[in-house]
K.L.:
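Before we start, here is the structure in question, set down as structure tokens.
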Amino acid sequence: MTSPSASREATVAGAIPLAAESVGDSVRSLEPLVLSLLVLVVVGLVLGGWWAVRWFRRPPGIRLQRVLATHDDVTVLMHPNPDPDAMSCAMGVAAIADSVGTEATLQYSGEIRHQENRAFRTVLDLDLESVEASSQLASDAVVLVDHNTPRGFTGAQTVEPIAVVDHHPGNGAGTEFTDVRTDYGAASTIIVEYLDDIGAAMADEDDSSEFEVSSELATGLLYGVQSDTNHLTNGCSRAEFDACAVLFPGIDEDLLDRIANPQVSDDVLQVKATAITQKRVEGPFAVCDVGEVSNVDAIPQAADELMHLEGVTAVVVYGEYDGTLHLSGRSRDDRVHMGETLRHAISDIPMASAGGHARMGGGQLSVDHMNGIGPSDGISREEFEERLFSAMAGER
């Protein structure tokens with residue numbers, strides 16, 4: 001006679017194979033589904049990788065053009081007080097945007113005071129808008145040219161550009177496109193390469209291209225390259241010479257001459273004269289405080305003038321405008337990186353900023369903070385000049 005416990009054990013033992021068989025059937029029924037999912041994942045990864053490779057292998061000009069094509073309108077934002085390089089870059093981006101049906105508005109903060117910059121805008125008949133706050137930007141989609149971090153207007157820190165095209169050092173980036181080439185002498189050179197990427201042709205060339213570069217744009221870009229490289233003599237890469245060769249067939253010589261030879265205002269000449277007559281020279285370095293100025297753009301022009309002095313290899317000129325000291329430095333001395341020199345000189349002054357390239361730099365600092373407002377004891381103008389000389393000599 002079989003005991004109840006033995007009967008239960010037999011029942012359980014018999015159920016185990018049945019359960020195992022059922023599980024096996026379930027697994028086998030899932031195998032096609034799992035395999036299908038795996039195949040889909042693999043295919044997705046392959047296609048995604050292929051698309052990513054194709055995207056990043058496209059020339060940057062085509063990539064920027066496609067980014068612009070995804071927006072109905074964009075703001076092309078120049079740096080404060082834009083120069084010919086910034087304005088010509090903005091012209092180029094606007095032309096690329098127009099080629100894909102995107103409306104572009106060219107905007108800037110600050111003022112256009114330098115006679116060369118005013119002539120550039122007037123001669124080329126540029127439609128530029130000034131902004132004082134982020135709320136005045138023409139669109140949410142912003143493209144930065146010739147700088148990589150928004151600045152110079154209220155709310156600038158809240159702006160997230162979709163694209164950045166620049167040749168200055170910095171960590172700024174666009175959410176959809178970034179092209180910063182610090183080895184280039186001008187941002188305009190990058191724009192010229194973009195135009196070549198998308199198959200643009202100069203207006204006077206016998207070409208079937210659908211994208212024709214106007215004589216105004218070609219002239220503007222050529223002058224943008226020249227102005228930022230001191231007529232191809234300072235901070236050039238080979239790309240600058242190649243860009244000028246590409247642009248040459250399309251330029252308007254009359255427009256170029258009118259931009260390059262504007263009249264000079266009396267206040268600019270006065271600042272230059274002050275720099276020349278009141279400069280302080282120590283060895284190969286020169287520094288000058290030109291006092292209060294009515295035109296900030298006269299300060300870098302005065303620095304350029306001092307660089308013509310025989311035996312002088314690096315200079316810093318500074319002057320006061322509306323409670324702010326504006327610095328401008330130039331160097332042709334391999335030992336003096338001007339951007340770093342100015343940055344070191346103002347490093348412990350609150351709310352001061354400075355930087356730039358090896359050959360050219362600039363900065364600003366509040367006169368009140370220089371005099372001791374805030375967490376600083378302040379320094380005199382004489383002490384500040386000593387700092388400048390020390391920084392140029394590599395002692396700070």
Side-chain angles (χ1 to χ4, degrees), residues 59-62 64-65 68 74 76-79 82-99 104 106 108 112 114 116-128 143-147 163-168 179-181 183-205 207 209-262:
I62 292 178
L64 176 61
Q65 186 183 47
L68 294 173
V74 297
V76 186
L77 185 62
M78 296 162 276
H79 57 68
D83 57 10
D85 191 30
M87 288 186 278
S88 62
C89 285
M91 293 171 65
V93 171
I96 296 172
D98 183 65
S99 73
L106 280 53
Y108 67 97
I112 299 178
H114 191 299
E116 176 188 59
N117 303 345
R118 297 200 309 270
F120 187 96
R121 177 183 186 177
T122 302
V123 171
L124 297 181
D125 193 24
L126 300 186
D127 184 11
L128 310 179
V143 178
L144 299 187
V145 293
D146 203 27
H147 67 309
V164 168
V165 180
D166 190 20
H167 71 122
H168 295 99
D179 191 357
V180 178
R181 309 184 196 181
D183 56 329
Y184 275 32
S188 297
T189 304
I190 305 173
I191 300 297
V192 176
E193 293 187 6
Y194 290 171
L195 295 173
D196 185 60
D197 290 342
I198 62 181
M202 297 299 119
D204 291 344
E205 289 182 326
D207 197 287
S209 172
E210 296 181 359
F211 190 154
E212 187 177 271
V213 177
S214 67
S215 59
E216 290 82 7
L217 177 55
T219 303
L221 287 168
L222 180 69
Y223 197 78
V225 172
Q226 290 186 337
S227 66
D228 248 34
T229 60
N230 194 19
H231 301 284
L232 300 176
T233 64
N234 192 356
C236 288
S237 68
R238 176 172 179 170
E240 273 68 55
F241 291 92
D242 292 341
C244 289
V246 169
L247 293 167
F248 181 76
I251 66 170
D252 184 313
E253 293 185 7
D254 177 62
L255 295 179
L256 188 63
D257 178 66
R258 290 165 59 192
I259 296 170
N261 297 291

K.L.:
When you compare the side chain of Leu232 with that of Cys244, does any pair of heavy atoms fall below 4.5 Å?
P.N.:
yes
K.L.:
Once you round to the nearest 0.5 Å, how far does CG of Leu124 lie from OG of Ser88?
P.N.:
9.0 Å
K.L.:
Does Ala104 have any side chain to side chain contact (heavy atoms under 4.5 Å, CB included) partners at least two apart in sequence or in another chain, and if so, which?
P.N.:
Val74, Val76, Ala94, Ala97
K.L.:
Which residues satisfy the side-chain hydrogen bond (donor to acceptor under 3.5 Å, both in side chains) test with Asp196, sequence neighbours excluded?
P.N.:
none
K.L.:
Using 0.5 Å steps for rounding, measure from the OG atom of Ser214 to the CE atom of Met91.
P.N.:
6.0 Å
K.L.:
For Ala119, what residues pass the side chain to side chain contact (heavy atoms under 4.5 Å, CB included) criterion, not counting sequence neighbours?
P.N.:
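Ala119: side chain to side chain contact (heavy atoms under 4.5 Å, CB included) contacts with Pro262.
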K.L.:
Quick one, Phe120 with Leu126, criterion side-chain contact (heavy atoms from CB on, under 4.5 Å). Give me CA distance, side-chain angles, the key distance, then yes/no.
P.N.:
CA-CA 8 Å; Phe120 187 96; Leu126 300 186; 3.8 Å; yes
K.L.:
Picking from Asp146, Asp85, Thr229, what satisfies side-chain hydrogen bond (donor to acceptor under 3.5 Å, both in side chains) with Ser188?
P.N.:
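Of the listed residues Asp146, Asp85, Thr229, the side-chain hydrogen bond (donor to acceptor under 3.5 Å, both in side chains) partner of Ser188 is Asp85.
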K.L.:
With sequence neighbours left out, write down each residue that passes salt bridge (Lys or Arg N to Asp or Glu O under 4.0 Å) with Arg181, or none if nothing qualifies.
P.N.:
Asp179, Glu193
K.L.:
Could you grab the distance from atom CG of Asp254 to atom CD1 of Ile259, nearest 0.5 Å is fine?
P.N.:
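Rounded to the nearest 0.5 Å, the CG-CD1 separation comes to 10.0 Å.
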K.L.:
Hey, what do you get for CG (Leu247) to CD1 (Ile191), rounding to the nearest 0.5 Å?
P.N.:
11.5 Å
K.L.:
How far does CZ of Phe211 sit from CD1 of Ile198, to the nearest 0.5 angstrom?
P.N.:
4.5 Å
K.L.:
For a quick test of reading the model, state the closest non-hydrogen atom pair linking Val145 to Cys89 and the distance between them.
P.N.:
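In terms of heavy atoms, the two residues are closest at CB-CB, 3.8 Å.
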K.L.:
For Asp98, what residues pass the salt bridge (Lys or Arg N to Asp or Glu O under 4.0 Å) criterion, not counting sequence neighbours?
P.N.:
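Once residues adjacent in sequence are excluded, Asp98 has no partner under the salt bridge (Lys or Arg N to Asp or Glu O under 4.0 Å) criterion.
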K.L.:
Nearest 0.5 Å, please: how far is CG in Leu128 from CE in Met87?
P.N.:
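Separation between the atoms: 7.0 Å.
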K.L.:
Taking side chain to side chain contact (heavy atoms under 4.5 Å, CB included) as the definition, give me every residue that meets it alongside Ser215, ordered by chain and number, with sequence neighbours left out.
P.N.:
Asp252
K.L.:
So with a 6.0 Å cut-off around CG of Asp127, is the heavy-atom count from everything else above 12?
P.N.:
no
K.L.:
Output all residues satisfying ring-ring contact (aromatic ring centres under 6.0 Å, His included) with His114, sequence neighbours left out; order by chain, then residue number.
P.N.:
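Checked His114 against ring-ring contact (aromatic ring centres under 6.0 Å, His included); zero matches.
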K.L.:
Give the minimum heavy-atom separation between Ala163 and Leu64, together with the two atoms involved.
P.N.:
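So the two residues come closest at CB-CD1, 4.1 Å.
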K.L.:
Check residues 220-227 and write down every donor-acceptor pair under 3.5 Å in which the side-chain atom is one partner and the other belongs to a residue at least two apart or another chain.
P.N.:
{"residue": "Tyr223", "atom": "OH", "partner": "Glu116", "partner atom": "OE2", "Å": "2.5"}
{"residue": "Ser227", "atom": "OG", "partner": "Tyr223", "partner atom": "O", "Å": "3.1"}
{"residue": "Ser227", "atom": "OG", "partner": "Gly224", "partner atom": "O", "Å": "3.1"}

K.L.:
Taking side chain as C-beta onward, heavy atoms only, is Leu195 less than 4.5 Å from Ile96?
P.N.:
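Contact flag for Leu195/Ile96 side chains = yes.
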K.L.:
What I'd like to find out is whether the side chain of Pro82 reaches to under 4.5 Å of the side chain of Ile112, using heavy atoms alone.
P.N.:
yes
K.L.:
How far apart are the closest heavy atoms of His147 and Val164, and which atoms are they?
P.N.:
O-CG1, 3.9 Å
K.L.:
Listed by chain and number, what are the side chain to side chain contact (heavy atoms under 4.5 Å, CB included) partners of Asn230, not counting sequence neighbours?
P.N.:
Thr233, Asn234
K.L.:
Considering only residues two or more places apart or on different chains, which pairs with a residue in residues 215-243 satisfy salt bridge (charged side-chain N to carboxylate O under 4.0 Å, His left out)?
P.N.:
Arg238-Asp242
